[in-house]
Amino acid sequence: MDTNTVLDLMWILIAGILVFFMQAGFTLVETGFTRSKNTGNIIMKNLMDFCIGSIAFWAIGYTFMYGDSEGVFGSFIGRPSWFFDNPAEMHSLFFQTVFAATAATIVSGAIAERTKFTTYLIFSLLMTLIIYPISGHWVWQSGGWLAKLGFTDFAGSTVVHSVGGWASLVAAFMVGPRLGKYTDGKSNAIPGHNLLIGSLGIFILWFGWFGFNAGSQLAISGDNANVVAGIIITTNLAAAAGALSAMFITWIIYGRPDISMTLNGVLAGLVAVTAGCAAVSPFGAFMIGLIAGVVVVFSIEFVDKKLKIDDPVGAVSVHGVTGALGTLLVGVFATDGGLLYGGGFHKLGVQAIGVISVAAWAIGASFVVLFILKKTIGLRVSKEEEVDGLDIHEHKTNVYN
Amino acid sequence: MDTNTVLDLMWILIAGILVFFMQAGFTLVETGFTRSKNTGNIIMKNLMDFCIGSIAFWAIGYTFMYGDSEGVFGSFIGRPSWFFDNPAEMHSLFFQTVFAATAATIVSGAIAERTKFTTYLIFSLLMTLIIYPISGHWVWQSGGWLAKLGFTDFAGSTVVHSVGGWASLVAAFMVGPRLGKYTDGKSNAIPGHNLLIGSLGIFILWFGWFGFNAGSQLAISGDNANVVAGIIITTNLAAAAGALSAMFITWIIYGRPDISMTLNGVLAGLVAVTAGCAAVSPFGAFMIGLIAGVVVVFSIEFVDKKLKIDDPVGAVSVHGVTGALGTLLVGVFATDGGLLYGGGFHKLGVQAIGVISVAAWAIGASFVVLFILKKTIGLRVSKEEEVDGLDIHEHKTNVYN
Amino acid sequence: MDTNTVLDLMWILIAGILVFFMQAGFTLVETGFTRSKNTGNIIMKNLMDFCIGSIAFWAIGYTFMYGDSEGVFGSFIGRPSWFFDNPAEMHSLFFQTVFAATAATIVSGAIAERTKFTTYLIFSLLMTLIIYPISGHWVWQSGGWLAKLGFTDFAGSTVVHSVGGWASLVAAFMVGPRLGKYTDGKSNAIPGHNLLIGSLGIFILWFGWFGFNAGSQLAISGDNANVVAGIIITTNLAAAAGALSAMFITWIIYGRPDISMTLNGVLAGLVAVTAGCAAVSPFGAFMIGLIAGVVVVFSIEFVDKKLKIDDPVGAVSVHGVTGALGTLLVGVFATDGGLLYGGGFHKLGVQAIGVISVAAWAIGASFVVLFILKKTIGLRVSKEEEVDGLDIHEHKTNVYN
Amino acid sequence: MKKIEAIIRKSKFDEVKEALHQIEVNFFSYWDVTGVGNEKEGHVYRGVSYSTSDIQRRFLSIVVSDPFLERTVDAILKTAFTGTVGDGKVFVSNVEEVYRIRTKESGSDALK
Amino acid sequence: MKKIEAIIRKSKFDEVKEALHQIEVNFFSYWDVTGVGNEKEGHVYRGVSYSTSDIQRRFLSIVVSDPFLERTVDAILKTAFTGTVGDGKVFVSNVEEVYRIRTKESGSDALK
Amino acid sequence: MKKIEAIIRKSKFDEVKEALHQIEVNFFSYWDVTGVGNEKEGHVYRGVSYSTSDIQRRFLSIVVSDPFLERTVDAILKTAFTGTVGDGKVFVSNVEEVYRIRTKESGSDALK
Ligand SMILES: Nc1ncnc2c1ncn2[C@@H]1O[C@H](COP(=O)(O)OP(=O)(O)O)[C@@H](O)[C@H]1O
Ligand SMILES: Nc1ncnc2c1ncn2[C@@H]1O[C@H](COP(=O)(O)OP(=O)(O)O)[C@@H](O)[C@H]1O
Ligand SMILES: Nc1ncnc2c1ncn2[C@@H]1O[C@H](COP(=O)(O)OP(=O)(O)O)[C@@H](O)[C@H]1O
């Protein structure tokens, strides 16, 4: 293998390892933002969705996504084959596996503290086996119909985060709010039990995101190196700007800089810049982050107070809304073809088509899966289990002793 | 230095840094699985075994292990030299140092909550100075007798983990169970104080393990790159499979998916695949993980209930038993020479010889060291110290305030 | 781009990502070493100084530091330009950004639990915008006056840590001690609320420090590779030695191995070796670590009991004192030109000039900024806020529920 | 004046609190305790299944003036009830004096 | 012998403790409770502003022999005071017997 | 009915619990408190050595019917004992009424 290929492969592996670590970040954010009586359940969900996802994606999901685009269906789904083991593409399998697991694990947070463990495992399996690979195929396999249309989603604002976010929306809606979350039509606060653990999770996610975005270049040799470095800067600036604007907006509207919203602001910046991290300038990234940080705050309020959908960690807003937003903003800020750079509305239009069609798929497919699960094994734990906490009922254990 | 050498060296350094981080993982698992009154002591043990180990291994341990195999003793021990400072091998010294520290730190968990701090420091020093380097020399120095026999332990299921695990067995046995662990011959549960911290530790270990296994290729240039990528996949699949099978087996036998056992299942998969990560196919790794996840559950029960050896974190089972198991399974699943791949029993036989002789060494040497320590400064804190917690007595501090 | 350049750039990026993660480490150390009622405030400070710093350094700080050294002022400050976006230097911007943020975040710990949030944000902004870049320019831009003098500060014992440490000294002095810290002229202990989180922070810092020091070579291609490997060894040995000597010294003077001091010993070793990590032998690094571990213990006591400056995390001693010490010890242990290697006092003299002039700048500039802040918006929260905790007043939230 | 100490299931706390507010008992203090009693809770930890009677409970301490006693006890008895073993207990004892720190009021005035 | 139970602001604890030591009441136990009362504390969490009357307080339990009662109550009333809603309460009740475990002393001897 | 409040060393809790079970006192509640008393505990934190009398203790609250009083107190006094300063105290006071929430039983029936 020549040196350049080795360099690229090594970069992909390192980036993939960083992305793997994001699982720890998601686990900490989710446990930190919820109550201690459900912590063990959340650990298990986040651990097992990665384990099941790793196996399922290797078993067949990877080829649903990246298998050849053949014949009539080729634009919509890859040609599957079992137990992928092409020794020359193991790095790619790894990198894509950790991405698939990210999409799956997002949902966990939105339905935390009330969902049956078995139900979650099955849903998570289907996410990595079917839901995620199919829309992923549309965008990231060169024969996918959105790819052919010229849709840009560099590292997955839409492919990964929005899919997770919209599935979260459907799931949180169908599972229903936690007991006590809405009384007399009013939304109540159910504070998380450990914001320090939550913020460690945010730092870990930020750390891993450098792999997520910069690894998505899938190369570092030759002139890719400067692109990769540029991605790291855009990623970092967007995250910083997202935190900044989320903090200031909460400072203005609640009179105090809000901690958990600021932490969500970091994620909003990261999710939003993911689509365009290689296509925008540092300044563009900064603006995308600023916008995302503001939008996420209002979106969280909107989902919570207007839609009355109970999303303990803000997954719908952080991943769905800012994922979509970030994808659209590529059409505005892309230095090549963006609205502000004289590219007109064409790119923006294509981006909108991509955002909408992927959302439709994620919402539709999740709905079908969850509807069937609801009618069969049920989505929700009993009232008693929910009140006492899932740990003691589903796992017969306390996390803290 | 030519580019390929730079690539290899860079990969080794990055992998070594990841392995270093596993120290944090071990610390968190061990503190999480034990009681809060001993947390400070456990922090100090895990920190200091790394510090002492780093210095001791550099001072002389490294050359006991990798020094030339000369003369009569050459098959058994390397030619020592003080304060290794060959500028061309610093990367190797680093990578081997973090491995040595891993072997040492494993023991800490097995004897947690009751062992004298000074005793532990001395034992840990001797682990990295003598016990680990000698059996390591047998396998990993090309002149070692097991290496010459054709024994395969790619990244150290036996050399690192089993050695730690068997030393743990001896140590836990000699130190005796924690007060209250066995009453009327019955094993009681002593729940850990923070499973969330424990599971963060597991994620960190998994993260670091990519460096542990894939770094052990000691190269990434040329065709090594695909091998490295393959190792990352086998490592990941085995960990996922280990968690899955441990979860399902506990679900069956206890009626509930058990959190701490599932976490141990991850480690079991990782430890087991360490020996063969470069020799087995993804499917082989998946099977090794599945088997390890089941075995570790029964092994933990066996050690706890039948042997009545008190091992708070399951170090004996996780590192010793699955380390041995994984090494043997290389003889079954190795695509080149494994039983299932038509290689017959020869490889399995060699593997068994290696497993047994290293176990004998680790058990014997640890016993001698601990026996002397027992007769001199003693192994165990006083009853009062144990009941009150080691933190307040050994360190005059509370960890949580 | 040729392969060697790609290698170097990749190494810088990976190292920078590791350094980024140190922010999480600083956050955990600082929260762990303080009381739970202020945890949220500390999270926000550590998060926001990185966010503000990233933006400010990109906006103009980077060019104050690395802009051309032109004309009369060229030795003292770089030629500024707005919103740095040279695509060929994004890796450098990133690496320098995370360094700048480190210098800023150090101060946070020294003034924890009593400082106004807004005041901190402004101070932190000015740190990354002006204070840090200017002295950085002196040393690390080849046209800077200290660079021209031959001053050696390889990875920033002085440029980063001392600057942070001296600014901490001024800030902690001007803000004044926490309520209850000194009664009747006696220093009281105010124990941190979670030493486990603090020690996780230490492990993360150590992990990130490999990037900090070894990344500062700014290259890995060709013969740089061995230098980088050597740096990793010196860094690791110094940290280990620092922990060891801090532990033993506390064991001697307090009768017990002290946990929080040992953790500080790790940092002391790391900070001290930062200046000379590429210039000293492994043995030299070991000695530097040993010395730093002892000095930091006495320095913390001195600052606390004699100067009566309240520094909850020991930032002044860990970063300021051992940063200066480590920089001076380069003049002693540098294998090329150090006192012990026959180089005479010349190098030591130059090092002293550098240490003193940078300290003077950091102290003077911080004083002016803080003095103005004191006279305008004030430095300190009200007594009531401090007693109740900053979280409930400044952020209307509890971190733990 | 009487002190009512109630040891209840944590999961019933919100209902009890609501009921107390309804009868205008807006002052009380509570904390979490471990209760030992008839109820057993099954646990599994690392292969050891065990059942413990050490169960997390919430302890309410409410000091009321005499006329409030009955309705307060009734409210608790009614809302903390599930009917399965482990619902908890209510204890009533006498309090000789009460002071409100802010106003220095004492006696039942301090409880208004 | 009397039992004094005081529910005070956490931020006032150090002063109260100091005052108790001054009058030579060197024995007591304390723990943290959540208090429900008149005081409200504003919180914001993820966009929901709410004010709660569940506020962290410190609970002191002090058993004293009768002659110590008055000065102890006075000390608390004086030092736990801020004058704003939420300063807390002091309850006095009767204790029939006291034992010191170490010496088996009982009655007011056990309180010396 | 009497309420027995015992403040004991945490390290003695298991023995006390065992002793209570032996005399068939299977109902009580406990929680952790900080005790201030004669005992001092040495600490070192970041170079400041200090000794504090704020020591972690366990607080047991046991309501028993009158005939059980003596043996319960005895059991505690015996098993919580080490003989060194800091063993703790036992307080006995009167309880006027007891209810079991599950059955609405009251009086000593509720304590069976
Ligand atoms: N005599 C007692 N003294 C103190 N606490 C008690 C007493 N009896 C019961 N409790 C508390 O009440 C809880 C519930 O009592 P339990 O016996 O389990 O159920 P039930 O009252 O329905 O029979 C116990 O866990 C314990 O906390
Ligand atoms: N009747 C009561 N029983 C138990 N605790 C009480 C009672 N009244 C007040 N408290 C405690 O005292 C605290 C302060 O009381 P609050 O009504 O807020 O202020 P104030 O006493 O100044 O009117 C409450 O939070 C609660 O913990
Ligand atoms: N009068 C009291 N009121 C409440 N708690 C007390 C009282 N006296 C002692 N205690 C509790 O008992 C514990 C032990 O008492 P201490 O004086 O240290 O030892 P001893 O009882 O052996 O003299 C204290 O830490 C405190 O928690």
Side-chain angles (χ1 to χ4, degrees), chain A residues 1-3 5-10 12-14 16-18 20-21 23-25 27-28 31-32 36 39-44 46-48 50-55 58-59 83-85 87-94 97-98 117 194 197 200 204 391 393-401, chain B residues 3-4 7 10-11 14 18 32 35-36 190-200 202-204 206-207 210-211 214 220-234 236-237 239-244 247 254-260 262-263 265-266 269 281-283 286 289:
Chain A
M1 197 182 285
D2 73 272
T3 311
T5 319
V6 172
L7 275 169
D8 295 344
L9 198 147
M10 182 176 172
I12 291 169
L13 291 177
I14 292 171
I17 293 172
L18 290 174
F20 162 80
F21 200 41
Q23 291 292 324
T27 306
L28 297 185
T31 50
S36 59
T39 298
N41 184 260
I42 292 172
I43 293 168
M44 286 297 274
N46 279 275
L47 179 65
M48 293 319 299
F50 184 80
C51 293
I52 291 176
S54 285
I55 295 167
W58 158 67
F83 303 116
F84 187 78
D85 66 354
E89 288 189 40
M90 286 293 133
H91 60 290
S92 171
L93 172 62
F94 179 63
T97 297
V98 290
F117 185 57
N194 192 334
I197 284 292
L200 174 58
I204 290 176
D391 288 4
H393 284 277
E394 298 238 21
H395 308 288
K396 296 209 177 196
T397 311
N398 297 318
V399 164
Y400 303 106
N401 287 292
Chain B
T3 312
N4 281 347
L7 276 168
M10 181 176 172
W11 177 242
I14 291 171
L18 290 174
R35 288 165 294 178
S36 58
I190 303 182
H193 85 285
N194 191 335
L195 286 186
L196 177 56
I197 284 291
S199 57
L200 174 58
I202 296 291
F203 277 115
I204 291 175
W206 193 336
F207 175 65
F210 290 121
I220 195 164
S221 58
D223 293 338
N224 293 298
N226 282 336
V227 179
V228 165
I231 292 173
I232 286 182
I233 284 294
T234 52
N236 195 53
L237 283 174
L244 207 67
M247 181 184 78
Y254 315 134
R256 288 289 181 279
D258 188 72
I259 301 172
S260 83
T262 306
L263 297 175
V266 172
S281 68
F283 196 82
F286 174 66

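Quick note: numbers below take in every heavy atom, side chains included, and nothing from hydrogens, waters or symmetry partners. A note on names: the letters A, B, ... follow the listed sequences, proteins ahead of strands, and every chain is numbered from 1.
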First locate atom [atom1] of [X], then atom [atom2] of [Y], and finally report the distance between them rounded to the nearest 0.5 Å.
{"X": "B:T262", "Y": "A:I43", "atom1": "OG1", "atom2": "CD1", "result": "10.5 Å"}
{"X": "A:M10", "Y": "B:I14", "atom1": "CE", "atom2": "CD1", "result": "4.0 Å"}
{"X": "B:T234", "Y": "A:F94", "atom1": "OG1", "atom2": "CZ", "result": "11.0 Å"}
{"X": "A:S54", "Y": "B:I233", "atom1": "OG", "atom2": "CD1", "result": "8.0 Å"}
{"X": "B:L18", "Y": "A:I17", "atom1": "CG", "atom2": "CD1", "result": "5.5 Å"}

Measuring heavy-atom distances to chain A, does [X] have an atom under 4.5 Å in its side chain, in its backbone, in both, or in neither?
{"X": "B:I220", "answer": "both"}
{"X": "B:N226", "answer": "both"}
{"X": "B:V227", "answer": "neither"}
{"X": "B:S281", "answer": "neither"}

Name the option with the most non-hydrogen atom pairs under 4.5 Å to chain A; the candidates are [options].
{"options": "B:S199, B:G230, B:G255, B:P257", "value": "B:P257"}
{"options": "B:D223, B:D258, B:N236", "value": "B:N236"}
{"options": "B:W11, B:Y254, B:F283, B:F210", "value": "B:F210"}

Point to revise | Donor-acceptor contact below 3.5 Å, side chain A:N401 vs main chain B:G192 | key: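 Flag set: sc A:N401 to bb B:G192 pair under 3.5 Å.
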
**Study point:** Side-chain donor or acceptor of B:R256 paired with backbone N/O of A:T397 under 3.5 Å
**Key:**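 Not confirmed, B:R256 side chain does not pair with A:T397 backbone.
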
Review point. Can you find a pair of side-chain heavy atoms, one from A:L47 and one from B:W206, that are under 4.5 Å apart?
Key: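 Touching, per the 4.5 Å side-chain cut-off.
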
**Study point:** Student check: side-chain heavy atoms of B:L200 and A:T27 closer than 4.5 Å
**Key:**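 A side-chain contact under 4.5 Å is absent here.
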
Point to revise | Between B:F286 and A:W58, ring centroids under 6.0 Å | key: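 For B:F286 and A:W58, the ring centres are under 6.0 Å apart.
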
Go through [options] and name the one with the most non-hydrogen pairs under 4.5 angstrom from chain B.
{"options": "A:E89, A:E394, A:Q23", "result": "A:E394"}
{"options": "A:F20, A:F84, A:F83, A:F50", "result": "A:F20"}
{"options": "A:D85, A:D2, A:L28", "result": "A:L28"}
{"options": "A:I55, A:I42, A:L9", "result": "A:I55"}

Review point. Sequence neighbours excluded, which residues qualify as ring pair (Phe, Tyr, Trp, His ring centres under 6.0 Å) partners of A:H395?
Key: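 Testing A:H395 for ring pair (Phe, Tyr, Trp, His ring centres under 6.0 Å), a comparison that skips the adjacent residues, returns A:F117.
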
Check your understanding: Would B:L196 and A:Y400 count as a side chain to side chain contact (heavy atoms under 4.5 Å, CB included) if you check the C-alpha gap in whole Å, the side-chain angles of each, and the deciding distance to 0.1 Å?
Key -> CA-CA 8 Å; B:L196 177 56; A:Y400 303 106; 3.4 Å; yes

